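Every chain is numbered from 1 and lettered A, B, ... according to where its sequence line falls, protein lines coming before strand lines. Note that the structure is a prediction, hence the values are computed from the model and not measured.
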Protein chains: 2
Amino acid sequence: MTVLDHPIIQGRGFRNVEDAGQVTGFSFQLRNPNYRGGAASLLDGIEVVVDGERIPDHVPLWTLQGRTLTVEQLRMSTDVRWQLDEPATITVPKPGGLAPGVHSLEVTVHLRRSYFPPPIARSQLTAARKLVLVPPAQDGGIRYGVSTYSYTGDIYTVMTLEDVLADVADLGASGIEILGEGNVPSYPAPDAAWVDSWHRLLERYRLTATNFGSWVDTTRWHDRDLTVEEGAEQLRLDLRLAKELGFTSMRPKFGVVSWDLDPHPIWKGAVERSLDLAAELDVVICPEIHAPTPIKHPVTQAYIDFIARTGTEHFKLLIDTGIFQTAPVLENAEDLGTDDEDEIPPPLRALAVPMADLVEVLPHTHFIQAKFFEIDDRLQDLHVPWADIVPTLERAGWTGWLSSEYEGRREPYRGSDQVRRQHALIRTLARKEAQ
Amino acid sequence: MTVLDHPIIQGRGFRNVEDAGQVTGFSFQLRNPNYRGGAASLLDGIEVVVDGERIPDHVPLWTLQGRTLTVEQLRMSTDVRWQLDEPATITVPKPGGLAPGVHSLEVTVHLRRSYFPPPIARSQLTAARKLVLVPPAQDGGIRYGVSTYSYTGDIYTVMTLEDVLADVADLGASGIEILGEGNVPSYPAPDAAWVDSWHRLLERYRLTATNFGSWVDTTRWHDRDLTVEEGAEQLRLDLRLAKELGFTSMRPKFGVVSWDLDPHPIWKGAVERSLDLAAELDVVICPEIHAPTPIKHPVTQAYIDFIARTGTEHFKLLIDTGIFQTAPVLENAEDLGTDDEDEIPPPLRALAVPMADLVEVLPHTHFIQAKFFEIDDRLQDLHVPWADIVPTLERAGWTGWLSSEYEGRREPYRGSDQVRRQHALIRTLARKEAQ
């Protein structure tokens with residue numbers, strides 16, 4: 001089941017439209033701005049202003065209930081309706097369409113309301129929103145995914161799980177990453193009907209299940225640490241669940257014992273006791289390299305040594321792009337009463353890991369989480385240097401996943417909008433690199 | 001299907017709790033403020049501040065997955081979880097509970113996060129919200145209902161239809177009014193499965209279907225007015241649909257031909273051609289008395305004359321309480337650049353219809369829509385004089401529906417909150433009158 005965005009102009013469905021190989025315009029979706037649905041014959045056009053350019057109200061085409069009509073055809077229609085729970089698609093002719101990136105849209109819907117006094121019965125309903133046009137992903141090279149983490153706070157409130165998958169598909173990504181203990185109802189034992197519905201959703205939205213987020217909560221018990229065997233049980237439980245849901249990797253987040261995020265010492269034994277199962281299921285266990293731990297660090301080295309020692313194919317690194325940040329997230333720093341970078345506590349400082357370090361560990365890397373916090377209206381990321389990261393990955397021949405992990409402010413619908421910006425930015429950089 | 005409120009503290013579920021006939025405290029619901037679900041043993045208490053009074057974190061009880069536990073029991077628990085899609089109920093001991101009305105709640109959830117450095121691993125997640133405690137409705141007298149119109153903008157976006165019904169039941173109302181062309185998917189021909197699900201929802205939430213909103217769009221065709229027979233067809237279609245969904249009255253909103261909201265002249269013929277069907281189905285057709293049309297007015301008189309002339313039992317008035325407004329809705333007036341009441345155009349002025357007029361037409365009245373715009377934190381309605389209306393209805397022995405129709409600002413969740421305020425206010429007045 002899906003719901004609509006609360007803003008009248010919907011986030012999904014904004015794209016250029018083609019006719020016979022030519023881009024002839026763009027389209028977007030609107031929910032009905034009235035408090036009731038009604039006959040389409042009561043609609044009297046829609047004026048659209050895109051980036052300041054006005055398109056008169058008789059020009060855009062309306063798609064309602066699968067039929068595409070001009071305003072004149074709407075007026076004559078006898079069996080078309082704009083329901084409250086069905087968005088309209090508005091198509092605006094514009095040769096060449098719109099450029100990738102953020103666009104400002106304003107609309108005025110004209111509607112004849114019979115129960116308003118005649119002089120004001122042709123009423124205007126207005127709405128405005130910024131929308132993000134995402135260029136299609138190119139074949140080959142980086143594979144584009146999104147994590148449900150990006151929609152924290154929105155999922156189960158203003159979006160259903162299906163809405164998240166629909167959003168991911170709509171922006172042209174093909175991979176979906178989930179949080180096991182977040183998105184699996186009745187975790188750790190979802191019912192069979194839910195598992196079936198999950199696979200149906202993957203099929204409907206043509207998405208590949210990528211990485212399954214897992215936690216080994218070493219402080220789960222109040223009075224003692226988790227044992228190695230308990231840690232291994234958790235890993236094996238999540239490996240089986242990940243496999244059942246179609247995932248090919250699983251990231252366990254182990255409890256830590258230091259400011260440097262040294263994982264709890266049980267990690268090694270717990271992983272060792274799970275490797276056979278991981279091999280049997282062909283699911284790769286991926287420890288996460290996450291700020292404040294850089295690549296050149298004993299924690300990362302210990303993982304690489306483990307790979308070398310065991311010779312396993314089912315334990316590889318997951319890189320979180322927060323380690324490449326060139327600027328701290330000042331939202332946090334401001335809370336500390338300083339904007340002097342030297343005064344920011346080490347865990348919040350920008351690590352700025354060099355690209356050479358990334359290149360070095362890419363052979364041991366299975367998955368990249370594209371962590372980010374804010375991308376502005378000009379598609380500038382305020383913290384993460386995509387113009388360095390994307391060409392580095394392309395030149396190194398990276399064909400694995402880059403999975404969006406938005407971690408900025410949690411106003412409703414912001415995650416959805418920011419993920420679209422990130423894909424617009426990264427794909428634009430990837431196209432440049434390909435040329 | 002239901003979704004959760006985006007705010008961490010949920011609007012539903014706020015109530016006093018009783019034990020052996022004594023009010024022993026209050027409870028409310030929280031969605032998980034973390035980005036993942038987790039074992040309940042990781043929870044380390046919740047501090048609650050209600051109207052400035054602090055309840056320490058070890059005191060409140062937690063209800064998760066149907067089990068009610070102390071913090072100590074949570075810590076020891078091995079098979080209880082706080083899922084992302086399941087709210088927790090927090091119960092706070094407080095002899096006598098809380099008074100009806102608006103209360104300020106702040107919470108701090110303590111959670112052990114294993115993957116945070118140990119010194120900061122016991123982390124705090126905070127949230128605050130104002131909640132409305134609604135006293136139970138008394139037996140006899142006014143019957144309390146709510147219209148889906150109150151949730152305009154929220155329904156199908158941040159609330160499902162089931163959420164609306166759950167909200168209405170949670171605030172202790174027993175009647176649900178809907179908009180036919182708003183809330184019936186695939187109107188005018190919902191599929192049988194939806195009709196079944198509607199009846200199941202009524203049963204689950206113990207709600208009575210009250211009034212079915214309908215429209216006769218006399219300007220439906222661009223080049224001519226609707227004919228009498230077309231109007232009658234619309235009425236008969238909606239009467240049948242209303243009956244199928246369990247409603248006992250139907251309000252047709254006819255197109256108008258004047259600033260005074262004189263209904264289009266087809267109204268009389270269209271209703272006449274539908275009276276036999278209304279009688280057969282036992283559904284009462286209710287024309288709406290709505291500002292700027294008062295009770296003492298030719299429009300209202302024409303309806304009363306129609307009742308007298310036809311002798312029908314299936315055509316009665318619906319009163320919208322906007323006609324009793326003692327203050328205009330300044331949100332609109334300010335748009336006109338004035339706050340001088342004399343300069344406000346007549347359609348926006350407060351009509352202030354006297355209570356005596358209401359008493360006079362009550363015998364011809366079937367339904368009352370409790371229109372309102374804003375009720376403040378002290379339960380003062382800024383526009384509608386409930387302290388006059390409620391005693392008038394009680395003294396006149398009104399045992400019909402009073403159905404909330406919130407029409408104020410449409411920020412998400414505001415309708416839900418305002419309807420709770422209205423019921424708290426009206427029921428408090430009704431209790432006073434009963435004493």
Side-chain angles (χ1 to χ4, degrees), chain A residues 1 3-6 31 35-39 41-42 44 75-76 81 83-86 112-119 121 149 152-158 160 179-183 185-187 213 215-223 226 253-261 264 347 412, chain B residues 1 3-6 31 35-39 41-42 44 75-76 81 83-86 112-119 121 149 152-158 160 179-183 185-187 213 215-223 226 253-261 264 347 412:
Chain A
M1 180 196 155
V3 293
L4 297 167
D5 285 1
H6 194 276
R31 73 170 171 89
Y35 65 90
R36 57 168 279 216
S41 61
L42 292 164
D44 241 9
R75 284 182 188 147
M76 313 283 282
R81 296 180 51 79
Q83 308 284 42
L84 221 50
D85 57 352
E86 293 178 17
R112 294 198 311 283
R113 296 208 256 199
S114 308
Y115 50 88
F116 273 24
Y149 180 76
T152 291
D154 287 3
I155 190 167
Y156 309 123
T157 62
V158 301
T160 64
L179 313 180
E181 297 195 42
N183 310 124
S186 304
Y187 176 96
W215 287 264
V216 182
D217 292 314
T218 46
T219 63
R220 174 166 178 177
W221 309 121
H222 188 243
D223 49 357
L226 218 61
K253 204 170 180 80
F254 276 90
V256 303
V257 294
S258 70
W259 279 106
D260 270 9
L261 306 192
H264 191 287
Chain B
M1 175 191 161
V3 294
L4 298 167
D5 285 0
H6 193 275
R31 72 171 172 88
Y35 65 88
R36 57 167 279 216
S41 61
L42 292 164
D44 241 9
R75 284 181 189 147
M76 313 284 283
R81 295 179 51 79
Q83 308 284 42
L84 221 48
D85 57 352
E86 292 178 17
R112 294 198 311 283
R113 296 208 256 198
S114 308
Y115 48 89
F116 273 23
Y149 180 75
T152 291
D154 286 4
I155 189 166
Y156 310 122
T157 61
V158 302
T160 64
L179 312 180
E181 297 196 41
N183 309 125
S186 304
Y187 176 96
W215 287 264
V216 181
D217 292 313
T218 47
T219 63
R220 175 165 177 178
W221 309 121
H222 188 243
D223 49 356
L226 218 60
K253 204 171 180 82
F254 276 90
V256 303
V257 294
S258 71
W259 279 106
D260 269 9
L261 306 193
H264 191 287

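Annotation: maximal heavy-atom pairing with chain B below 4.5 Å, among A:Val256, A:Val3, A:Asp260, occurs at A:Val256. Listed options B:Asp5, B:Leu42, B:Leu179, B:Thr152 were ranked by heavy-atom pairs under 4.5 angstrom with chain A; first place goes to B:Leu42. Ranked by non-hydrogen atom pairs under 4.5 Å with chain A, the options B:Arg75, B:Arg31, B:Met1, B:Met76 are led by B:Arg75. Across B:Phe254, B:Tyr187, B:Phe116, the residue that shares the most heavy-atom pairs under 4.5 angstrom with chain A is B:Tyr187. Counting heavy-atom pairs closer than 4.5 Å to chain B, the top residue among A:Val158, A:Val216, A:Leu226 is A:Val158.
Between A:Tyr35 and B:Tyr149, the ring-plane angle classifies as perpendicular under the 30° and 60° cut-offs.
The line from OH of A:Tyr115 to CG of B:Leu261 is 12.0 Å long, rounded to the nearest 0.5 Å. To the nearest 0.5 Å, atoms NZ (A:Lys253) and CZ (B:Arg36) are separated by 10.0 Å. Distance check: A:Tyr156 OH to B:Asp85 CG gives 5.5 Å after rounding to the nearest 0.5 Å. A distance of 6.5 Å separates CD of A:Gln83 from OG of B:Ser186, quoted to the nearest 0.5 Å.
In this structure, the portion of A:Arg81 lying under 4.5 Å from any heavy atom of chain B is its side chain and not its backbone. Residue A:Asp223 does not touch chain B at all, counting heavy-atom pairs closer than 4.5 Å. Within the 4.5 angstrom heavy-atom criterion, atoms from both the backbone and the side chain of A:Trp221 approach chain B. The parts of A:Thr157 that come within reach of chain B are both its backbone and its side chain, each placing non-hydrogen atoms under 4.5 angstrom from that chain. Only the backbone of A:Ser258 comes within less than 4.5 Å of a heavy atom in chain B; its side chain stays farther off.
In terms of modelled atom types and a separation under 3.5 Å, the side chain of A:Arg112 and the main chain of B:Arg220 share a donor-acceptor contact. Panel note: side chain B:Thr218, backbone A:Ser114; no donor-acceptor pair is recorded below 3.5 Å.
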